[in-house]
Amino acid sequence: MTNSNDLAYIDENLRIIRERCAEAKAKYRSPDDNIRIMAVTKTVAPEAINRAVSLGIDLLGENRVQEYLSKAEQYDKSAEVQFIGHLQTNKVKYIINSVSMIQSVDSLKLGQEISRLAVKNGRVMDILCEVNIGGENSKSGVAPAELDQLIEELRELDGIRIRGLMTIPPPSGSDIFLGRMKELYDSVSSRYEGMDTLSMGMTHDYAEAIRYGSTLVRIGTGLFGARDYSK
Ligand SMILES: *Cc1c(COP(=O)(O)O)cnc(C)c1O
C-alpha cells in the first residue's frame, strides 16, 4: 500500500500546473474560455490516479486498451475517461461503453468501427480527429491536407459526433506546429457544426498550447512524474 504522504508530490505538481494554465489563460485567452486539464494515466498506479481525482481532476486519458482494462476497476468513478492512444479497430469493442470520447480517430476504417459499435450499443460516441501536424512518419494522425475529406466521410456515419481535433506536435519547433493546428482548427470549426475541442499540449508545451487555442491539455509526467515502463 502506498502511504498517502508518498503521493503529496502530485498535489504540488497539480498546483503548479493549474497556476501555469491560469497564467497562460490570463495572458492569451478570454476569461470565458474553458480549458480542461486531463491527467494522462499510462504506467501510473491507480492510487496515484485517484489522488489526482481527489484533488479535482475530472478527466483521465488512456493510451492502451489492455492497461486501461486492467486498472479501470480500481479507478475513482467520478472522473470521465477518454481514449487518447493509437486504437486498433479490433479493440474498439473493449472501450465503447466505458469512455466518453475517442480522441485518436485518424482513418475512416476506425470511424466506421466506432460507428458500428456505438449504434449497436445505442449510444453516440464523441470523437476527435487526430492530426499529424508535423508530417512525421513515426506518428499516427491524418495529414492536414486529408483532414477535410476524413471529416466529410466521418460525418456520414451514425453514432459518432465529431467534436474537434487532437494532435501531438513534433517535440522541437513546437510553436510553428501549434500555430498551424490553431489555423486548422479555426478553419474546420467554422465550417462544421458542433466542434468545441482542440486537444493540444502536453507536459513540455501546455502553456504554449493554451496560447494557441487549446481547450484540453493532456498532462502525464508533469503531474505524476517520470514514467516507469519496467513495471
Ligand atoms: C503520454 C501522452 C501524453 C502526456 O505526455 P507527457 O509528456 O507525459 O505530459 C499526452 N498525450 C498523449 C497522446 C500521450 O500518449
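Counting starts at 1 for both ligands and their atoms, following the listed order. Position 1 is the first residue of the sequence, and the numbers go up from there. Hydrogens, waters and symmetry mates are skipped; everything else that's a heavy atom, side chains included, is used.
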- Message: Run I133 and L184 through side chain to side chain contact (heavy atoms under 4.5 Å, CB included) and show every step you take.
- Response: CA-CA 10 Å; I133 197 65; L184 212 51; 4.1 Å; yes
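- When the side chains of ILVMFWY residues are joined at heavy-atom separations under 4.5 Å, either directly or via intervening members, M166 and I210 end up in two distinct hydrophobic clusters.
- Atoms of ligand 1 found under 4.0 Å from any heavy atom of I168, numbered from 1 in the order shown, are 13 (C).
- Contact record, V53 with A79: CG2-CB, 3.9 Å, taken as the closest heavy-atom pair.
- Taking atom 1 (C) of ligand 1 as the reference point, the nearest protein heavy-atom neighbour is K42 NZ, 1.2 Å.
- Among all non-hydrogen protein atoms, the one lying nearest atom 9 (O) of ligand 1 is T203 OG1, 2.4 Å.
- The distance criterion of under 3.5 Å between nitrogen or oxygen atoms is not met by I84 with respect to ligand 1.
- For the atom pair CD1 (I162) and CG (L128), the distance works out to 10.0 Å, reported to the nearest 0.5 Å.
- Shown in contact with I219 at under 4.0 Å from a heavy atom are these atoms of ligand 1, numbered in order with element: 9 (O).
- Nearest protein heavy-atom neighbour of atom 5 (O) of ligand 1: M202 CE, 3.6 Å.
- In Q103, neither the side chain nor the backbone holds a heavy atom less than 4.0 Å from any atom of ligand 1.
- For ligand 1, the atoms sitting less than 4.0 Å from at least one non-hydrogen atom of G220 are 4 (C), 6 (P), 8 (O), 9 (O), numbered in the order shown with element in parentheses.
- Protein heavy atom at the shortest distance from atom 11 (N) of ligand 1 is R218 NE, 2.8 Å.
- Of the heavy atoms in T221, both backbone and side-chain atoms come closer than 4.0 Å to ligand 1.
- The shortest distance between side-chain heavy atoms of R161 and M125 does not fall below 4.5 Å.
- Remark: distances from the non-hydrogen atoms of M38 to ligand 1 are all 4.0 Å or more.
- For the pairing with M38, the side-chain contact (heavy atoms from CB on, under 4.5 Å) check across L216, V217, I219, L60 returns one residue only, L216.
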- Could you walk me through whether C21 and Y206 pass the side chain to side chain contact (heavy atoms under 4.5 Å, CB included) check? CA-CA 8 Å; C21 284; Y206 65 90; 3.8 Å; yes
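- A distance of 8.0 Å separates OG1 in T203 from CG in L223, rounded to the nearest 0.5 Å.
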